[in-house]
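For reference, the structure is listed below as C-alpha cells.
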Amino acid sequence: MAAAITCSQLKLNSISFNTPSSKPRFNQSSACCALPSSSRSNKSYAAAEPQPLFSAVKSFAPATVANLGPGFDFLGCAVDGIGDHVSIRVDPNVRPGEISISDISGAGSKLSKNPLWNCAGIAAIAAMKMLNIRSVGLSLSLEKGLPLGSGLGSSAASAAAAAIAVNELFGNRLSQSELVSAGLESEEKVSGYHADNVAPSIMGGFVLIRSYEPLELVQLKFPDDKKLFFVLVNPEFEAPTKKMRAALPQEVTMSHHVWNSSQAGALVAAILQGDISGLGKALSSDKIVEPKRAPLIPGMEAVKKAAIKAGAYGCTISGAGPTAVAVIDNEERGREIGERMVEAFLEEGNLKAMAMIKQLDRVGARLVSSVPR
C-alpha cells in the first residue's frame, strides 16, 4: 500500500494559513479601520501620514494564471492585455480615513459596494491603514474587465489595482511585498489566503511564493528574448473557488507528492531557462489537484487532449477554473489551438467558449493616469 501524507502536512485541502498577529483588523461597522496600537512600530505602517500627491489616479492590474499545474497555491503568472481598472479620488464627501465605492462597471454588476465586502475595497482599506491615512476620505470606482469565477484571478486583479491606486495617490511609499500583503487581506476574505494570483498581478511575470509566514516572494525571470503565448479558453460556466477547493483530496499518496514536487521543480527550471516545451510538459503533469477538478468542468479533459493534439506544449486548468490554459511559442499556432479547444468544449461539454491569445505580462499592476491636485 502506498504511503499517504495528510493534508494537514501538505496544506492541500482547505488552505487557511494563519496570518501574522499584527495583521490589520477590520471594523465591521464602517469602512474605516482602526490601526491596531500594537502595529505602530511595524514597517508596514507609516510613522507619519503622507498627503495625497494627486486629486485622482487610475490604475490597472492584469489577469493571472495561478497554480500552473503542479504549483498549487505557490506559483502564478500575470497575463497581458486583460484585467481590472480602479480609479480613486480624494472625496470631501467621504469621512476622513474612510473609503466609499461610488461605481462598479463591466463584469462586476453583482458585486457589493460595501467596501468591507468588496475585494477592491478591502485591499484599499488595508493600503490606507499601512499608510496611516486619517485626514482625507477616498472614493473608489471599479471597472471589471475580468468575469467572476473565471479562474483568471478576477478578485486578485481588483485587489491589486486598488492597492496600487491608493499607494500611487500618496506617493508610492509601499513596497511590493506590502502591496501584496494588502491584496492578501482581500483574498483571504473572498477566496482564501493564497497569493498565487495577487502576487503576480502586482509584480508581473512569474512569481513563486516561497513562504506565507513570513511572506516571501521570489520573482522568476523568464528570458526577455523568448516568446510565450497563453491560449486562454473561457467557457460559459462558473466554477466558484470555494466549490473547487472543496473537491481537493483529504490526503495524497507519497508517490504523487514526490511526482508533483519534481514537476514543480521542473516547471521553475523551465521558466528560468525559457524552455517553453519543458514548461508545457510540467504544466500538464499535475497528479493531485487537476484530476479532482477537471471532472467538475464539463469537457475539460477533452479540451486538454484537443490542445495537445493541436500542438500545444501543455495544457491545464487556470486557477480554480473553468478557464483552460495552453502554452505555445507562436501566436498563429495559438489561434489554431484555441479553435480546437473551443470546439472540444462545445462538443464534449456542451459549453460555448471564447478563446484569447495573450502574452506574459512582465510589468504587473501599474498607474494608468493621474490628475494633479
Side-chain angles (χ1 to χ4, degrees), residues 5-26 33-46 64 66-68 70-78 119 122-132 153 155-156 159-160 162-164 167 173-220 241-242 245-246 248-252 257 260-261 264-265 267-268 288-289 319-320 364-365:
I5 300 176
T6 66
C7 283
S8 61
Q9 293 171 299
L10 290 183
K11 293 185 173 67
L12 283 175
N13 186 31
S14 177
I15 309 301
S16 54
F17 298 91
N18 293 323
T19 51
S21 58
S22 61
K23 205 181 76 171
R25 296 189 298 272
F26 289 104
C33 305
L35 185 69
S37 58
S38 62
S39 300
R40 295 185 187 277
S41 62
N42 191 306
K43 181 184 176 182
S44 296
Y45 297 93
T64 48
N67 300 340
L68 297 168
F72 179 73
D73 272 10
F74 64 86
L75 279 173
C77 66
C119 43
I122 297 169
I125 290 170
M128 289 176 70
K129 288 172 61 183
M130 289 178 177
L131 291 166
N132 198 25
S155 63
I164 288 289
N167 190 40
R173 293 180 172 226
L174 299 177
S175 67
Q176 282 189 328
S177 180
E178 289 168 327
L179 290 166
V180 172
S181 293
L184 272 171
E185 293 277 355
S186 173
E187 287 289 83
E188 180 183 27
K189 195 150 194 175
V190 300
S191 62
Y193 196 74
H194 45 84
D196 50 344
N197 286 117
V198 73
S201 187
I202 287 173
M203 300 170 67
F206 289 91
V207 178
L208 165 69
I209 296 85
R210 182 181 180 277
S211 168
Y212 280 90
E213 290 190 35
L215 182 64
E216 294 183 27
L217 308 170
V218 181
Q219 199 153 24
L220 305 176
T241 300
K242 188 174 182 179
R245 292 182 86 83
L248 301 181
Q250 292 292 326
E251 57 184 42
V252 299
H257 164 56
N260 263 42
S261 297
L267 181 60
V268 169
I288 296 174
V289 177

Problem set entry | L267 side chain reached by L75 side chain, heavy atoms, under 4.5 Å | yes
For this session: Of all the heavy-atom pairs spanning G153 and T64, show the shortest one and how long it is.
Result: CA-OG1, 3.6 Å
Problem set entry | Non-neighbouring partners of S177 that pass side-chain contact (heavy atoms from CB on, under 4.5 Å), sequence neighbours left out | S175, L215
Problem set entry | Note, I288 side chain near P249 side chain (heavy atom, < 4.5 Å) | yes
Seminar exercise, completed: On a heavy-atom basis, the closest approach of A163 and A182 is CB-CB, 4.2 Å
Exercise. What is the minimum heavy-atom distance between A156 and V198, and which atoms define it?
Worked result: CB-N, 3.6 Å
For this session: Mind running side chain to side chain contact (heavy atoms under 4.5 Å, CB included) on L131 and L174 for me, showing each step along the way?
Result: CA-CA 8 Å; L131 291 166; L174 299 177; 3.8 Å; yes
For this session: List in chain and number order the residues that pass side-chain contact (heavy atoms from CB on, under 4.5 Å) with A162, two or more places apart in sequence or in another chain; answer none if no residue qualifies.
Result: V86, A120, A123, A124, L140
For this session: Please tell me if the side chains of H194 and Y212 come closer than 4.5 Å, counting only heavy atoms from C-beta onward.
Result: yes
Seminar exercise, completed: Contacts of A320 meeting side-chain contact (heavy atoms from CB on, under 4.5 Å) (sequence neighbours excluded), chain-then-number -> T241, M244, R293
Exercise. Can you check whether V268 reaches L220 side chain to side chain, under 4.5 Å on heavy atoms?
Worked result: yes
Seminar exercise, completed: Taking every heavy atom of P200 against every heavy atom of A78, the minimum-distance pair comes out as O-CB, 3.4 Å
Exercise. Between the side chain of S261 and the main-chain N/O of H257, is any donor-acceptor distance below 3.5 Å?
Worked result: yes
Exercise. Are any of the side-chain heavy atoms of V207 and D196 separated by less than 4.5 Å?
Worked result: no
For this session: State, yes or no, whether a side-chain contact exists between N260 and F72 at a heavy-atom distance under 4.5 Å.
Result: no
Exercise. By side chain to side chain donor-acceptor pair (under 3.5 Å), which residues pair with E216, not counting sequence neighbours?
Worked result: R210
Problem set entry | Euclidean distance, I122 CD1 relative to K189 NZ, rounded to 0.5 Å | 5.0 Å
Problem set entry | Heavy-atom closest pair, residues Q176 and I202 | NE2-O, 4.3 Å
Problem set entry | CG on L184 to CG on L179, rounded to 0.5 Å | 11.5 Å
Exercise. Is the backbone N or O of R173 less than 3.5 Å from a side-chain atom of N167, with the two atoms forming a donor-acceptor pair by type?
Worked result: yes
Seminar exercise, completed: Taken in chain and number order and not counting sequence neighbours, the residues that satisfy side chain to side chain donor-acceptor pair (under 3.5 Å) with N67 are none
Seminar exercise, completed: In terms of heavy-atom contacts, P214 and S211 come closest through O-OG, 2.6 Å
